[in-house]
There are 2 protein chains.
Amino acid sequence: MDYSDSCIVRHFDYYCALSPKDKKILAALEENPIKISRGTSLWQEGENADEFYTLSQGWAYSYRYLENGARQILEVYLPGDILGLQEFAFTDRLEGVAMIEDGIICPFPHQRMLELFSESLTLTAVMFAIASRQQALLSERLVSVSRRSARERLAHFLHEIFLRQRQTDPKGGAKMRLPLTQEQLGDLLGMTSVHVSRTFSVLNEAKLAYRNRYHVTIPDLKALAKEGGFDERYLNSDLTCFLRKNPPTPPLAKAFDT
Amino acid sequence: MDYSDSCIVRHFDYYCALSPKDKKILAALEENPIKISRGTSLWQEGENADEFYTLSQGWAYSYRYLENGARQILEVYLPGDILGLQEFAFTDRLEGVAMIEDGIICPFPHQRMLELFSESLTLTAVMFAIASRQQALLSERLVSVSRRSARERLAHFLHEIFLRQRQTDPKGGAKMRLPLTQEQLGDLLGMTSVHVSRTFSVLNEAKLAYRNRYHVTIPDLKALAKEGGFDERYLNSDLTCFLRKNPPTPPLAKAFDT
DNA sequence: CGCGACTTTGAGTCTCATCAAGTTCGGTGG
DNA sequence: CCACCGAACTTGATGAGACTCAAAGTCGCG
């Protein structure tokens, strides 16, 4: 049993070699899958926080509403991510979380995280690494929103999401799925949906990205990176300094091993 | 030996009751204090990351520079904080860190963190909680920079830093120290130093905050909170759901105990 | 076929950036 | 003790990028 059908096991395994025992512990987090449909919120700001969720299928996002009704989307989550980690140290939710599309989530209680800490040093370190990576994503978003123009911001985000999708699901091609509305993109990147539309037009004219419905084609990734001032280092987390990592095993190499 | 002179022990003890053993482990992180003067950078973006530092004295900040020369300050650190946590999962520094004023820092190697994980479940949870709180600070900053006006942003930050100082050093008074230049404030809040100056004038006229050199007087905290849309929940991390917390022990009560 | 969600386009406005000149104040050396 | 220097701050004029409001266009889906 290799649990490679489990999204979260694949995700964690990316950080370092997991023992069968570790994989079993992880897979156990996904014991209670729940179907959930697009637009549904898992929880809202202010509710009691006592569970985490693994995200098995579908995209989700976390958000905050302000007094004036404005919304800020804080993070976009892809399958394999853990939802609710940000509230580890809080009794109440600081942020709401909602589904971008239909998906499957698996709840597990906060307490379970402590059990995990006591059962496996490796998983503890990986969990910490995942939190650290999430913070890196957030920092980069802050830099974008604070210091980059609308064009740069959008270009930068498209690049980020392109790489993140490739990391968990490495199929090639210049075309990617992007199931966010322009309103959601605006709330994520700190601009209005109207300006998102205009900015896509500009990127389109500059031949940097073509959006069509919920798909984006990126003809020249290098050019897009330049436009957005993109430096991928913040996506390449790595625990090799602490723990032994999986040797890179392309599908073919694996065949030779056995 | 209660280690209460150690800033980091006080800081961690805030989260939950630490055993003497835990305190000893923590205090050991501060074995190698180093004096460091204002303006000095501990490290720069891109350098190899193999150490954390505890900040014993003085304020510090982390920052990123962009291609165009702009700087974004990501976080301000106060005594008791841990520097470099954000790079737990990375081999290289993603951000630079520099001292705002003269201070004392204590380096310890990354590997030490893993030892800590295996030595104490409580400290593991607290370390995770601290990372979680840092992310909460960052999220709130993102919301500010993205969705609040310059006035609101500055008011919000003044309130935040006021409370953070009170949490580790609970002396009363409407006056607080704020050893940041307006240029640094601008780089933190995503505006120009010129606009910081104008915004202080506005807050001044509105009788919300008076800045004088490196001190700020806040005559009416409630009014400032309203101006900045401030909700302090994101500062009140809490591990009681997992771990037993210190019962509140005002100095007098302590005397009765013994 | 037509409804609703999403997107595009246009015109006018506002917040904040930029550039530039001047002011304050603490520290330093004569 | 005073003059001066530089860092930090203030103030003014002008302009750009993004917002707001409004209306029209596109497309999937019932």
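Naming: A, B, ... by sequence-line order, numbering from 1 per chain. These numbers were taken from a predicted model, which means no experiment stands behind them.
For residues 185-195 of chain B, the salt bridge (Lys or Arg N to Asp or Glu O under 4.0 Å) pairs, not counting sequence neighbours, are A/R147-B/D187, B/R71-B/D187.
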What side-chain donor-acceptor pairs closer than 3.5 Å can you find for residues 217-225 of chain A, not counting sequence neighbours?
| from | atom 1 | to | atom 2 | distance (Å) |
| --- | --- | --- | --- | --- |
| A/D220 | OD1 | A/K222 | N | 3.2 |
| A/D220 | OD1 | A/A223 | N | 3.1 |

Pairs under 3.5 angstrom only: tabulate donor-acceptor contacts from the side chains of residues 194-211 of chain B to other protein residues two or more places apart or in another chain.
| from | atom 1 | to | atom 2 | distance (Å) |
| --- | --- | --- | --- | --- |
| B/T199 | OG1 | B/H195 | O | 2.6 |
| B/S201 | OG | B/S197 | O | 3.1 |
| B/R211 | NH2 | B/L180 | O | 3.0 |

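Terminal axes of the helix from C/dC1-D/dG30 to C/dG30-D/dC1 (five pairs each, C1' rotation axis) are separated by 30°, to the nearest 10°.
Remark: C1' of C/dT7 and CG of A/D187 are 15 Å apart, rounded to the nearest angstrom. Between the C1' atom of C/dC16 and the CG atom of B/L154 lies a distance of 14 Å, rounded to the nearest Å. In this structure, CD of B/E183 is placed 11 Å from C1' of D/dC9, rounded to the nearest angstrom. Nucleotide C/dC25 holds its P atom 15 Å from the NE2 atom of B/H215, rounded to whole Å. At whole-Å resolution of the value, CD in B/Q184 and C1' in D/dA8 are 11 Å apart. What separates CD of A/E101 from P of C/dC6 is a distance of 14 Å, to the nearest Å. For B/N68 and C/dA17, the CG to P distance is 13 Å, given to the nearest whole Å. The separation between B/N204 atom CG and D/dC9 atom C1' is 14 Å, rounded to whole Å.
A salt bridge is absent between B/E227 and B/R153; no separation between the charged side-chain nitrogens and carboxylate oxygens falls under 4.0 Å. With respect to A/R93 and A/E45, no salt bridge is recorded, no charged nitrogen being found less than 4.0 Å from a carboxylate O.
The ring-ring contact (aromatic ring centres under 6.0 Å, His included) check on B/Y63 picks up B/Y61, B/Y65, with sequence neighbours excluded. By the salt bridge (Lys or Arg N to Asp or Glu O under 4.0 Å) test, B/D81 is found to be paired with B/R164, residues two or more places apart in sequence or in another chain being considered. The ring-ring contact (aromatic ring centres under 6.0 Å, His included) test applied to A/F230 returns A/H156, A/H159, A/Y234, not counting sequence neighbours. Taking A/R177 as the reference, A/W59, A/E101, A/Q165, A/P179, A/H215 meet the side chain to side chain contact (heavy atoms under 4.5 Å, CB included) condition, with sequence neighbours excluded.
Comparing B/R38 and B/S201 by the nucleotide of DNA chain D that holds the closest heavy atom to each, the one mapping nearer the 5' end is B/R38.
The phosphate of D/dA7 has neither OP1 nor OP2 within less than 4.0 Å of any side-chain N or O from B/Q182.
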- Readout for nucleotides 14-30 of chain D: B = base within 4.0 Å of protein heavy atom, S = sugar-phosphate only, - = neither; 5' to 3' it is ----SSBB-----S---

